[in-house]
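Per chain, numbering begins at 1; letters A, B, ... match sequence-line order. If you're wondering where the values come from, they're calculated on a predicted model, not measured in any experiment.
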Number of protein chains: 2
Amino acid sequence: MAAELPVLQRHGLTMWGYVVLLALNEDPVRTQAALAESIGAAKTRIISVLDGIQQAGLIARAPDPGDRRVHLLSLTAEGRRTRAAAQADIQRQEERLLALLGPDDRRAFLRALHRLSSIPPEDLIP
Amino acid sequence: MAAELPVLQRHGLTMWGYVVLLALNEDPVRTQAALAESIGAAKTRIISVLDGIQQAGLIARAPDPGDRRVHLLSLTAEGRRTRAAAQADIQRQEERLLALLGPDDRRAFLRALHRLSSIPPEDLIP
DNA sequence: TATTGTTATACTCTATAACTATA
DNA sequence: TATAGTTATAGAGTATAACAATA
């Protein structure tokens with residue numbers, strides 16, 4: 001986070017804002033509840049995040065005609081541009097840091113991270 | 001942290017409390033300023049931590065006769081016992097999680113972590 | 001009555017400045 | 001005046017409960 005936050009800030013994004021842009025890019029139109037669930041956040045937690053990136057013109061919040069309680073979220077053209085630019089920048093930064101490892105250690109490191117982060121929370125506590 | 005916090009809590013320790021016990025074990029008698037610096041914390045940040053572990057009987061704060069502004073910190077017998085027990089418990093937990101990796105990946109993972117965590121903060125930001 | 005999104009509130013963590021007591 | 005430790009204050013981040021609109 002210390003390494004990546006400054007990168008995101010160059011694009012006017014917070015960590016959560018970036019997470020939302022990535023999630024909406026994978027699955028273009030969603031409700032706030034579905035989005036929150038998919039990124040492991042409480043629905044109340046993403047509201048100020050959505051307020052922020054909506055005000056920045058990166059997402060649209062449209063009422064669903066079929067169920068007027070629901071807001072459908074989608075990336076704007078500007079949101080797609082910002083997400084692509086930020087993600088490319090993040091990947092450059094990751095590349096820069098991972099280049100410090102030898103190629104074998106680098107592959108092993110990423111394998112280990114995937115393995116460890118796949119542990120379900122309840123298995124973390126013995 | 002999610003994996004280790006519950007372990008520390010079994011010993012009545014917070015993350016910072018544990019860090020302080022480890023630092024005092026390596027270098028038995030210190031001033032608060034020296035301790036704070038050595039663990040990368042601001043001097044104001046560790047005060048409530050010291051209050052807590054002192055009240056728990058894990059450390060002693062003795063006035064330095066040579067300079068009465070200074071408090072010399074040291075582990076109590078109870079503090080040494082708690083530190084040893086907590087550290088052993090933490091290491092068991094690490095062992096349990098690292099056992100999920102193959103022996104080669106495990107060594108490479110630890111090597112990579114050491115390499116990456118040795119990057120000075122100013123090199124983190126491009 | 002249940003659900004979606006929102007607001008309000010409280011609690012923790014952290015950083016900074018202001019203070020005291022010594023030097 | 002400078003330093004060691006302390007206290008006070010403000011700002012994030014987060015979790016929970018209460019709420020309005022709609023189903």
Side-chain atoms of B:H71 come closest, of C:dT6, C:dT4, D:dG5, to D:dG5
Between CD of A:E37 and C1' of C:dG5 the distance, given in whole Å, is 16 Å
Heavy-atom closest pair (A:A108 atom, B:D105 atom, distance to 0.1 Å) is CB-OD1, 3.5 Å
Whether B:E95 and B:R92 form a salt bridge (side-chain N of Lys/Arg under 4.0 Å from carboxylate O of Asp/Glu) is what I want to check.
no
To the nearest angstrom, the CG-P distance between B:L5 and D:dT14 comes to 16 Å
Does B:Y18 reach the side chain of B:Q87, with side-chain heavy atoms less than 4.5 Å apart? yes
key: Contact under 4.0 Å: A:W16 side-chain N or O vs D:dT14 OP1/OP2   = yes
query: Counting N and O atoms only, with roles assigned by atom type, does the side chain of B:Q32 sit under 3.5 Å from a partner on the main chain of B:I47, one being a donor and the other an acceptor?
result: no
Atom CD1 of A:I47 and atom C1' of D:dA15 are separated, to the nearest Å, by 13 Å
Rounded to whole Å, the CE-P distance (B:M1 to D:dG13) equals 16 Å
Expected list for residues 17-35 of chain A near DNA chain C, using heavy atoms below 4.0 Å, is A:T31, A:Q32, A:A33
Got a list of protein N/O to nucleotides 17-23 of chain C N/O distances below 3.5 Å?
residue: C:dA23; atom: OP1; partner: B:R68; partner atom: N; Å: 3.0

To the nearest angstrom, the CD1-C1' distance between A:I46 and C:dG5 comes to 10 Å
Tightest non-hydrogen contact, residues B:S38 and B:R30, listed as OG-NH1, 2.9 Å
note: A:R61, atom CZ; C:dT4, atom P; distance rounded to Å ~ 16 Å
Indicate every side-chain donor-acceptor pair of residues 116-126 of chain A with a distance under 3.5 Å to a residue at least two apart or in another chain.
residue: A:S117; atom: OG; partner: A:L113; partner atom: O; Å: 2.9
residue: A:S117; atom: OG; partner: A:H114; partner atom: O; Å: 3.3
residue: A:S118; atom: OG; partner: A:R115; partner atom: O; Å: 2.7
residue: A:S118; atom: OG; partner: A:R115; partner atom: NH1; Å: 3.3

Can you check whether B:R45 has a side-chain N or O nearer than 4.0 Å to OP1 or OP2 of C:dA15?
yes
Quick check: is A:L13 connected to A:M1 through a chain of hydrophobic side chains (ILVMFWY, heavy atoms under 4.5 Å apart)?
yes
On a heavy-atom basis, the closest approach of A:P65 and A:R68 is O-CG, 4.2 Å
Tightest non-hydrogen contact, residues A:S74 and A:V29, listed as CB-CG2, 4.2 Å
